[in-house]
Peer 1: 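Structure incoming, see below.
Being a predicted model, the structure only gives us computed values, none of them experimental.
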Amino acid sequence: MKFFLLLLLSVFAISDLNAQSNFIQNIYARNILNLDGRWHYIIDPYETGFRGFQGAKADDEDKLGGFFENKQQQSKSELIEYNFEKSPTLNVPGDWNSQDEKLLYYEGTVWYEHDFVVHPQPGKRYLLRFNAVNYEAYVSLNDKKLGVHAGGFTPFEFEVTKQLHDGNNFIVIKINNARKKENVPTDNFDWWNYGGITQNVMLAEMPQTFIKDYKMQLAKNDLKTIKGFVQLSGDNLSQQIKINIPEAGLQTTVTTDANGKAVFTIPVKNLSYWSPENPKLYHVSISSNTDSVNDAIGFRIIETKGADILLNGKPVFLRGICLHDEDPLIPGRPRNTSDCRMLLTWAKELNCNFVRLAHYPHNDEEARLADSMGLLLWEEVPVYWTIDWTNDSTLKNAEHQITDLISRDKNRAGVIVWSIGNETPNIPEREIFMEAMADSAHVLDNTRLISAALLARTNGDTIYVDDALGKKLDLVSFNEYYGWYVGGMPWEINKYNFQIAYNKPVIISELGAEALGGFHADSAERFGEEYQQSFYKNQIQLISKIDNLRGVTPWILVDFRSPKRMNPDYQNGWNRKGLISETGQKKKAFYVLRDFYINKEKEYNNK
């Protein structure tokens, strides 16, 4: 009962957040100093820098000791057993695994150090922003502790106005990517555990009172009303806010309250609604007495009605694919916009209108690109497999990650689904945890759909989808691998039928079979392209039996790296379920799924 009450309290505690963030919204539109580049690094498997030179653990409050101080040798007789200046460098953004051979499988602590020059201006505030660091980060600037962040995929920032020097400055950050039971994700998952500073780092220069956060979207199920809020940060919190969408002829003025927040409503007469066929983005301007920010925002509504998913009031079939945040051609995480664009372009070539960004928040550039390219998105947090369900701090971590994800991408029209997890076991402890997550997500954003990738169960020739969590979700999504892990050969799976407990839209969130690109055999030989091709042909027949089927996101667009997949003949550290190989070669199954999607597009265009 105590755990249940804590969950309820955690939901109520965030109920007034309205998906506000603890980081600057749309930081790219601000005055920023990019801190990407070559950063010095030192590998520290024994936590020597954290414990200090006398072997004593650093004070729990300050977390300062050893390398945090970036000491320089003052005389030739002084003993200092590290030197950042002469240490090797890594590219930031970029994971360490793909840049240093001895770090390929490394899980532990690596220290980063970076020097930069800045001349702070009077009357300005400065914030140091990390878009993603995996996993635990202890950050200092000029020998002063800034803070700690846990979680590998969402942004965090620190105000550094008082810590900055006029001229030379240096950042030291301790990063540890070791897997732990209490973390989110937990100690067991099926993708590469990339460590390091995997996304951009920047220093933002802001006025004393600035626009920290805002949301602007169509109201829930209402094509005629734009709703949102603006949140100021600073001392002069009561200001007039002007909101202008020139092309649509829309504008309004509101006044922030004593806490710096203003809520607004704008009636809509003529608006070109965003969709995959018409990815219209409007130039939006938000200005206060002291600050202004511009954004490109699309307007659309997404809802469910019975078994249908409605986009702007019209039924839509989600022709999807799953995707990892990984560049197959250049090892590691995507490093720039071009990497992200390549992956999403491949999805478009498959005739997708929908992409599941699994199993954690991806580079935010993908969401911005999806808006301009006309791709709907499913975004997810890494509540994956067996989480530490009864640990209060684990729940807090998971809720923090879904809050940050929603805060980060709440203005992106393409994002239509927030997913709270993947393939979690159907046990009572998990149910309490996941229901709290679903409640939190619904409170944070009631304009989008909430789902999770569930598991089905089989009894005889019937596939049952009756997970109790389904009652909390807007979409019933489940993973199934009949014809690969279970169910016999691909041509034997059509004996199965589905019994789904909920009259809601159904999404097959995963299905797939592995094939080594370029390996050809008969359709009965595993890892051959012909086997994967047969699998997809028979899966299309199988899932077409589902009356409420409204979307599919097969696993996966591109082969990806995984230490769990070590068959020396076919895998060698790669999960080969991709429809495209790690060299960019389209496999035979790619064309099977593309043809299915072409037919589905025609079917729905005629509705």
Peer 1: Please check if any side-chain donor atom of Glu182 sits under 3.5 Å from a side-chain acceptor atom of Asn391, or the reverse.
Peer 2: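 No donor-acceptor contact under 3.5 Å links the two side chains.
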Peer 1: Side chains of Asn497 and Thr462: donor-acceptor distance under 3.5 Å anywhere?
Peer 2: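 No.
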Peer 1: Centres of the His324 and His362 rings: under 6.0 Å?
Peer 2: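 Not close enough - the centres of the two rings lie 6.0 Å or further apart.
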Peer 1: Taking the side chain from Asn353 and the backbone from Phe317, do they hold a donor-acceptor pair closer than 3.5 Å?
Peer 2: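 The answer is yes, because a donor-acceptor pair under 3.5 Å joins these two groups.
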Peer 1: For Asp327 and Arg561, which heavy atoms make the closest approach, and how far apart are they?
Peer 2: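 Distance-wise, the nearest heavy atoms are O-NH1, 3.4 Å.
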Peer 1: At what distance, to the nearest 0.5 angstrom, does CE of Met437 lie from CG of Leu469?
Peer 2: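 Going from the CE atom of Met437 to the CG atom of Leu469 covers 10.5 Å.
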Peer 1: Hey, could you give me the CD1/NE2 distance between Ile175 and His149, rounded to the nearest 0.5 Å?
Peer 2: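 So the CD1 of Ile175 and the NE2 of His149 are separated by 12.0 Å.
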Peer 1: Which residue, Phe560, Trp574, Tyr360, Phe153, forms the ring-ring contact (aromatic ring centres under 6.0 Å, His included) with Trp191?
Peer 2: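 Of the listed options, the one satisfying the test is Tyr360.
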Peer 1: Any donor-acceptor pair under 3.5 Å linking the side-chain atoms of Asn363 with those of Asn131?
Peer 2: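 Note: Asn131 and Asn363 side chains miss the donor-acceptor criterion.
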Peer 1: Sequence neighbours left out, what passes ring-ring contact (aromatic ring centres under 6.0 Å, His included) with Tyr591? Give chain and number order.
Peer 2: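 Checked Tyr591 against ring-ring contact (aromatic ring centres under 6.0 Å, His included); zero matches.
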Peer 1: Ser581 and Asp559: side chain to side chain donor-acceptor pair (under 3.5 Å), yes or no, with the steps?
Peer 2: CA-CA 5 Å; Ser581 74; Asp559 290 349; 5.4 Å; no
Peer 1: Is it the case that Asn422 and Arg356 place a side-chain donor and acceptor less than 3.5 Å from each other?
Peer 2: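 The criterion, which ignores hydrogens and geometry beyond distance, is satisfied for Arg356 and Asn422.
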Peer 1: Would you call the rings of Trp192 and Tyr105 parallel, tilted or perpendicular, where under 30° means parallel and over 60° means perpendicular?
Peer 2: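 Ring orientation, 0 to 90° scale: tilted.
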Peer 1: Between Asn134 and Asn193, is a side chain to side chain donor-acceptor pair (under 3.5 Å) present by the stated rule, with each step listed?
Peer 2: CA-CA 8 Å; Asn134 191 31; Asn193 186 25; 3.2 Å; yes
Peer 1: For Asp100, check salt bridge (charged side-chain N to carboxylate O under 4.0 Å, His left out) against everything at least two apart and list the hits.
Peer 2: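 Once residues adjacent in sequence are excluded, the partners of Asp100 under the salt bridge (charged side-chain N to carboxylate O under 4.0 Å, His left out) criterion are Lys102.
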Peer 1: Answer yes when Lys577 and Glu510 have at least one side-chain N-carboxylate O distance shorter than 4.0 Å, and no when they do not.
Peer 2: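 Salt bridge flag = no for Glu510 with Lys577.
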Peer 1: Establish, from distance only, whether the side-chain atoms of Glu603 and Asn599 form a donor-acceptor pair under 3.5 Å.
Peer 2: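 Result is no, nothing qualifies.
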Peer 1: Can a side-chain donor-acceptor contact be found between Asn188 and Thr386 if the only test is distance below 3.5 angstrom?
Peer 2: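 Not at all, the side chains of Thr386 and Asn188 share no donor-acceptor pair under 3.5 Å.
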